[in-house]
Amino acid sequence: MFSDIQFDQRHIWHPYTSMIQPLPCYPVSSAQGASLFLQNGSELVDGMSSWWAAIHGYNHPILNQAVSQQLVKMAHVMFGGITHQPAIELCRRLIEITEPELETVFLADSGSVAVEVAMKMALQYWQSKGEQRHQFLALRHGYHGDTFGAMSVCDPHNSMHSLYQGFLPQNLFADRLDIPFSGEWQEGAMDSFSRLMEQHQQDIAAVILEPIVQGAGGMRFYHPEYLKRIRQLCDQYQILMITDEIATGFGRTGKLFACQHAGISPDIQCVGKALTGGYMTLSAVMTTRNVAEVISQGEAGCFMHGPTFMANPLACAVACASLDLLAENHWQSQVSQIADVLEQGLRPLEDSPYVQQVRVLGAIGVVEVTKPIDMASLQKFFVAQGVWIRPFGKLIYLMPPYIIQPEQLSLLIEAIRHAVSRPDILFG
Ligand SMILES: *Cc1c(COP(=O)(O)O)cnc(C)c1O
């Protein structure tokens with residue numbers, strides 16, 4: 001008889017994990033607040049919010065209640081020709097809390113699907129205007145998901161475009177945005193970007209980017225002035241601007257949406273991840289009235305996408321409750337307190353010979369080390385320290401639930417400080 005863990009290793013795919021030599025995997029049996037509980041009884045403080053999602057922590061009574069109250073009414077019903085209160089409530093709230101220009105909402109299943117939807121919207125927009133525009137302008141180091149359209153606008157190296165060569169659409173990539181979030185703005189920083197815009201203005205359907213924080217493509221924070229200039233260029237050349245706020249949305253960077261650092265509004269915006277407080281998969285694509293109307297005036301007469309589980313009532317109900325909590329819980333002070341503690345705790349690590357750079361913005365703390373990390377060895381070390389931190393590449397990073405307690409946050413920081421003094425563990 002195989003044990004559960006042996007069965008898992010033999011038969012179940014995990015994200016970015018080999019089926020021949022799988023990395024170790026830790027069985028979690030429950031989660032509460034900012035803690036995960038392993039099957040063996042040990043408690044891990046969560047530094048990841050389950051990939052940006054669980055902003056209010058786990059097993060939250062109010063979120064639980066939202067799901068169970070909806071569950072006894074209906075778990076799901078198709079959205080074609082039918083509507084329901086949870087969807088209406090959620091879209092009302094989303095429109096209220098985002099920029100006034102964003103007036104329509106398309107509910108989708110996941111972040112990657114939201115990106116597909118946004119890209120398809122941009123293509124249909126131009127089709128409807130009678131123009132042939134087939135390219136997207138994206139940023140190096142960007143990450144937008146793992147489906148094909150999304151992959152085609154991810155950093156060409158990080159997402160290994162070469163693996164899918166011949167099938168993947170060819171898009172345009174602007175040089176990396178080098179000026180950091182609080183660096184000094186330099187004229188000329190936009191030269192390469194504006195050259196690409198000018199050269200390809202007839203072909204570009206939309207610019208797509210993660211505002212301010214580039215997440216899975218390298219955890220880099222860039223200067224808000226870039227966003228302002230890109231918005232101006234999009235206006236100048238009449239090109240659509242898509243912002244992917246899937247990781248940054250709902251307060252993580254210190255603003256409710258990262259675009260607000262630059263005071264701009266996109267034509268199309270994707271949100272996901274923290275939308276349901278980490279309870280269920282759900283994303284939303286928001287557009288201006290103009291985008292929605294132009295698409296609807298086109299040959300097809302409508303937007304050509306309709307997921308089976310569109311606007312799933314359980315997911316919408318918990319998303320509404322999560323947005324209510326966000327408002328009530330004073331996320332701004334939660335996030336700024338986390339930012340202060342991360343800054344104080346992690347910044348001194350820049351003195352370590354194994355640390356390249358420390359970056360903190362909002363409730364995100366990043367320690368970039370000098371060489372690629374030995375994931376298995378460092379993960380094991382972290383678990384032994386009682387923390388859940390999942391490094392990748394050269395990056396150790398924290399994005400804890402907003403409700404994390406100060407002593408829990410200290411434990412996470414202590415574990416990283418400890419790890420950074422142990423090259424044998426860091427690099428294996
Ligand atoms: C995670 C992420 C996605 C993809 O979302 P999934 O729900 O994993 O499909 C897209 N864009 C950004 C910026 C993300 O961080």
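In listed order, ligands and their atoms are each counted from 1. Only heavy atoms go into these numbers, but all of them, side chains included; no hydrogens, no water, no symmetry mates.
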Discussion item. So, using side chain to side chain donor-acceptor pair (under 3.5 Å) as the criterion, who are the partners of Asn171 when residues are at least two apart?
Written reply: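 Partners of Asn171 by the side chain to side chain donor-acceptor pair (under 3.5 Å) criterion, ordered by chain and then number, come out as Ser152.
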Discussion item. Suppose the criterion is salt bridge (Lys or Arg N to Asp or Glu O under 4.0 Å): which pairs have a residue in residues 235-251, not counting sequence neighbours?
Written reply: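 Non-adjacent pairs meeting salt bridge (Lys or Arg N to Asp or Glu O under 4.0 Å): Arg231-Asp235.
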Practice prompt. Sort and list the pairs that fulfil side chain to side chain donor-acceptor pair (under 3.5 Å) and have at least one residue in residues 334-344, not counting sequence neighbours.
Written response: Glu343-Arg347
Worksheet entry | Amino acids in close contact with ligand 1, where any non-hydrogen atom sits under 4.0 angstrom away |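 Within the 4.0 Å shell of ligand 1, which is judged on heavy atoms, sit Ser110, Gly111, Ser112, Tyr143, His144, Gly145, Glu210, Asp244, Ile246, Ala247, Lys273.
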Worksheet item: Could you walk me through whether Tyr354 and Lys371 pass the side chain to side chain contact (heavy atoms under 4.5 Å, CB included) check?
Response: CA-CA 8 Å; Tyr354 309 110; Lys371 285 191 293 185; over 6 Å; no
Discussion item. Centre-to-centre under 6.0 Å for His60 and Tyr279, is that the case here?
Written reply: no
Item to complete: Indicate the ring-plane relationship of Phe303 and His305, choosing parallel, tilted or perpendicular according to the 30° and 60° boundaries.
Response: parallel
